[in-house]
Asks: 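Supplied in structure tokens, the structure appears directly below.
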4 protein chains.
Amino acid sequence: MSKREQILKAALSLFIENGFDKTPTSAISKSAEVATGTLFHHFKTKEDLINALYLEVKFAMLEHLAAKTALATNLSGNTENGLKTQIKALWSSMIDWVLEHPEEFRFLSQFGESALIANNTHEKVEAAFADYQALFTQGIEEGLFYDLPLDLILSLTTSHIFASCNYFLQQPELWQDSEIQRKLFTSFWSVLAKFK
Amino acid sequence: MSKREQILKAALSLFIENGFDKTPTSAISKSAEVATGTLFHHFKTKEDLINALYLEVKFAMLEHLAAKTALATNLSGNTENGLKTQIKALWSSMIDWVLEHPEEFRFLSQFGESALIANNTHEKVEAAFADYQALFTQGIEEGLFYDLPLDLILSLTTSHIFASCNYFLQQPELWQDSEIQRKLFTSFWSVLAKFK
Amino acid sequence: MSKREQILKAALSLFIENGFDKTPTSAISKSAEVATGTLFHHFKTKEDLINALYLEVKFAMLEHLAAKTALATNLSGNTENGLKTQIKALWSSMIDWVLEHPEEFRFLSQFGESALIANNTHEKVEAAFADYQALFTQGIEEGLFYDLPLDLILSLTTSHIFASCNYFLQQPELWQDSEIQRKLFTSFWSVLAKFK
Amino acid sequence: MSKREQILKAALSLFIENGFDKTPTSAISKSAEVATGTLFHHFKTKEDLINALYLEVKFAMLEHLAAKTALATNLSGNTENGLKTQIKALWSSMIDWVLEHPEEFRFLSQFGESALIANNTHEKVEAAFADYQALFTQGIEEGLFYDLPLDLILSLTTSHIFASCNYFLQQPELWQDSEIQRKLFTSFWSVLAKFK
DNA sequence: AATGAATGAGACTTCATTCAT
DNA sequence: TATGAATGAAGTCTCATTCAT
């Protein structure tokens with residue numbers, strides 16, 4: 001692992017454990033076993049570091065989703081209920097990834113909305129997730145979803161997933177229960193879809 | 001307004017504007033027009049201050065909900081669909097309060113999950129909200145809601161309301177549109193209820 | 001006990017326990033169960049308080065010595081070895097008092113040399129102890145003691161007593177051992193006297 | 001001189017002049033001509049600084065004593081009165097060192113008994129002085145000294161030396177007077193020895 | 001005499017960042 | 001690329017003292 005990677009890894013753990021402001025850069029470099037100067041060699045400032053970390057995590061998540069949902073899309077073809085299938089794949093891939101990457105998820109929960117993440121950073125992420133967003137636009141346009149503003153729809157679904165993930169992180173065994181999965185997806189789906 | 005209240009008010013504004021760590025206690029006392037020592041006369045530490053503020057805000061919200069929903073309960077009597085009526089009253093009172101108290105809502109959004117709020121504080125709040133929580137227990141027990149853990153149900157509904165509130169704070173005029181209200185409550189209700 | 005006395009008593013305990021600077025006046029008034037303002041009603045400043053306390057303690061000690069050694073003097077008459085008898089009485093009365101008033105002794109040990117005690121205060125004390133000092137002048141003049149400066153003699157004897165008292169405070173039962181008393185007085189006496 | 005040494009030197013002067021609590025760390029760094037942060041780079045806290053300083057001073061004194069008394073030991077051989085010779089060498093080396101290092105001595109006088117010096121620190125010092133302590137154990141065991149507890153003996157002798165040093169610091173020319181030296185050592189010796 | 005809320009100067013310490021090596 | 005001693009501005013909190021009641 002390169003020193004840059006050591007630093008990112010140490011920062012991830014420390015930021016979620018103590019928060020950004022309660023994590024001195026000296027603690028990061030110590031935990032990463034590099035000198036204090038080395039951190040600033042790789043990241044101009046502490047805020048640069050957290051933005052770089054945010055991008056790494058979001059893109060890692062994206063790669064996972066891409067791998068899982070590409071498969072789902074191919075299997076389903078483009079049948080009439082293709083949208084529901086795709087969104088279900090997205091939904092469950094997301095929860096899978098979170099359960100495999102709990103620290104990363106906690107990081108996104110804590111810092112995704114914080115002012116530390118620059119607009120510039122958010123824009124890069126949004127561009128990368130454009131394809132997924134398009135699924136929701138499609139659902140609204142086809143009259144399958146409630147006729148509500150796209151942003152509101154996205155926000156409602158995102159927060160439903162986040163709440164579910166938080167719950168499963170506490171009780172991971174529940175995710176194995178297919179009955180619970182079914183109920184929960186029904187709840188999720190009905191947040192946006194007019195019909196079950 | 002007592003000096004204590006001046007301090008709480010100033011802290012509320014500054015914390016949501018800049019965050020906890022980016023708000024020096026000196027800025028709070030300055031904005032509250034009291035001496036630096038006065039802040040520490042009333043609140044032993046800066047963390048004590050934010051916990052006291054959290055309690056004040058939560059209890060103010062509770063009072064508003066109590067006033068509004070007591071009314072709703074009386075009107076509805078205890079008819080068969082009493083639960084849905086009560087929860088709808090709760091839902092809309094909540095959004096009403098948020099739109100009337102945007103700073104307080106932003107404060108709860110930012111700090112409700114943060115490690116700054118002590119367990120002790122959370123416990124006091126939960127005790128005060130026990131009656132509302134009971135509504136959800138009832139819904140689960142009566143088989144009206146999904147048979148999912150109470151905590152999960154609460155978390156899903158809370159995050160639905162929060163996402164809605166956040167949206168209306170950006171677009172307050174949409175809350176006047178009764179059609180949107182209807183759709184959104186339908187979405188909200190179906191997060192937890194098996195039947196529409 | 002008057003409030004003034006309550007304050008002095010609380011201050012004594014706290015000063016020896018934590019030191020002068022580590023004892024807030026607020027802690028003193030709290031321990032004395034009076035209001036913060038009351039302390040400053042009786043003592044103009046915190047330094048005034050410690051000076052008042054120093055005087056109280058020194059005069060209390062003096063009273064004890066006077067009571068004990070007056071007796072000794074009367075019994076001994078003014079025989080040739082009167083001086084040794086008187087000094088022995090002084091020596092043992094002093095240790096008696098210390099063992100009965102350990103807090104007061106610790107207070108004198110810690111603050112007797114400190115810059116907190118004003119010259120003015122020291123002068124009052126010295127005036128009150130003039131009679132005892134005269135004993136040592138007499139010993140030097142009579143050629144019984146080493147021909148060394150009075151200040152040095154006083155300093156050597158005082159520190160011998162202090163060291164002994166400190167020891168007996170740790171091991172009070174040793175003071176009951178008359179053999180040890182005898183040896184220790186022999187040691188003490190030979191610090192100043194040419195002959196045993 | 002390294003920055004660390006500059007800080008220790010400045011702290012020594014300021015502590016004895018004003019006391020620990022009346023010496024702001026800002027005054028130390030200013031007097032040492034280093035930045036405020038530099039002090040805390042070398043010493044984690046202000047108390048760490050005074051403990052480090054205490055060790056430095058005690059070890060410097062020890063080195064001086066070792067150099068002087070090693071010589072004395074060699075000259076004296078192990079004749080019958082070797083112990084008295086050695087202790088006299090110790091006694092006069094000690095006073096020599098104090099007169100050459102008045103600030104260091106005042107520092108030890110003021111802080112040696114204070115609660116600021118950690119047990120841990122005292123233990124390190126005691127270990128280093130074990131050889132000298134052994135001389136006194138020997139004196140007691142050989143029946144040359146009073147049969148009193150070692151701690152008490154050490155305490156009595158230490159305070160005799162301290163009182164003498166304090167006196168000579170006021171009147172350094174007296175230390176040149178060999179007659180006074182002789183009397184004073186006789187006084188010192190008779191604190192512990194049964195025979196002159 | 002007694003109270004205690006209010007004051008504000010000043011204390012210790014932290015920490016992101018730099019720079020000479 | 002890597003190091004870590006050095007920096008100094010800025011932060012939280014303490015505390016002796018005052019004064020209106």
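The structure displayed is predicted, hence computed values, not measured ones. To find a chain, count down the sequence lines: A is the first, B the second, and so on, and within it residues start at 1. Because only heavy atoms are used, hydrogens play no part in the values below, and waters and symmetry mates are left out as well, while side chains stay in.
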Asks: Taking atom P of F:dA16 as reference, at what distance in whole Å does atom NZ of C:Lys30 sit?
Replies: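 About 15 Å, once rounded to whole Å.
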
Asks: Could you spell out the base pairing of DNA chain E as a dot-bracket line? Use Watson-Crick and G-U wobble contacts where both distances are under 3.5 Å, [ ] for crossing pairs, | for partners on a different strand.
Replies: .||||||||||||||||||||

Asks: Expressed in angstrom and rounded to an integer, what is the separation of D:Ile28 atom CD1 from E:dC12 atom P?
Replies: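 Value for this atom pair: 8 Å.
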
Asks: May I ask you to check if C:Lys124 and C:Phe59 form a cation-pi contact, with NZ or CZ under 6.0 angstrom from the six-membered ring centre and within 45° of the axis?
Replies: no

Asks: Is the side chain of C:Ser31 donor-acceptor paired with the backbone N or O of C:Ile28 at a distance under 3.5 Å, no angle test?
Replies: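 Between the backbone of C:Ile28 and the side chain of C:Ser31 there is no qualifying donor-acceptor contact (under 3.5 Å).
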
Asks: When you measure from the side-chain N and O atoms of D:His42 to the phosphate of F:dA6, is any distance below 4.0 Å, counting only OP1 and OP2?
Replies: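 Checking D:His42 against F:dA6: at least one side-chain N or O falls below 4.0 Å of OP1 or OP2.
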
Asks: Go along nucleotides 16-21 of chain E 5' to 3' and tag each nucleotide: B for a protein heavy atom under 4.0 Å from its base, S when only backbone or sugar atoms are that close, - otherwise.
Replies: BBB---

Asks: For C:Glu104, enumerate each residue passing the side chain to side chain contact (heavy atoms under 4.5 Å, CB included) test, keeping only those at least two apart in sequence or located in another chain.
Replies: C:Leu12, C:Val57, C:Trp97, C:His101

Asks: Find the distance B:Phe43:CZ to F:dT12:P and express it as a whole number of Å.
Replies: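 From B:Phe43 CZ to F:dT12 P: 15 Å.
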
Asks: Of the options D:Tyr54, D:Phe15, D:Phe107, which is the one that meets D:Phe20 in a ring-ring contact (aromatic ring centres under 6.0 Å, His included)?
Replies: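 Only one of D:Tyr54, D:Phe15, D:Phe107 forms a ring-ring contact (aromatic ring centres under 6.0 Å, His included) with D:Phe20, namely D:Phe15.
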
Asks: Residues in side chain to side chain donor-acceptor pair (under 3.5 Å) with C:Asn51, at least two apart?
Replies: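 Checked C:Asn51 against side chain to side chain donor-acceptor pair (under 3.5 Å); matches are C:Thr121.
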
Asks: Going by heavy atoms closer than 4.0 Å, what residues in residues 3-13 of chain B are next to DNA chain F?
Replies: none

Asks: Please name all residues satisfying side chain to side chain contact (heavy atoms under 4.5 Å, CB included) with A:Glu56, sequence neighbours left out, ordered by chain then number.
Replies: A:Arg4, A:Leu8

Asks: Between atom CG in B:Leu49 and atom P in F:dG11, what is the gap in whole Å?
Replies: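 B:Leu49 atom CG is separated from F:dG11 atom P by 16 Å.
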
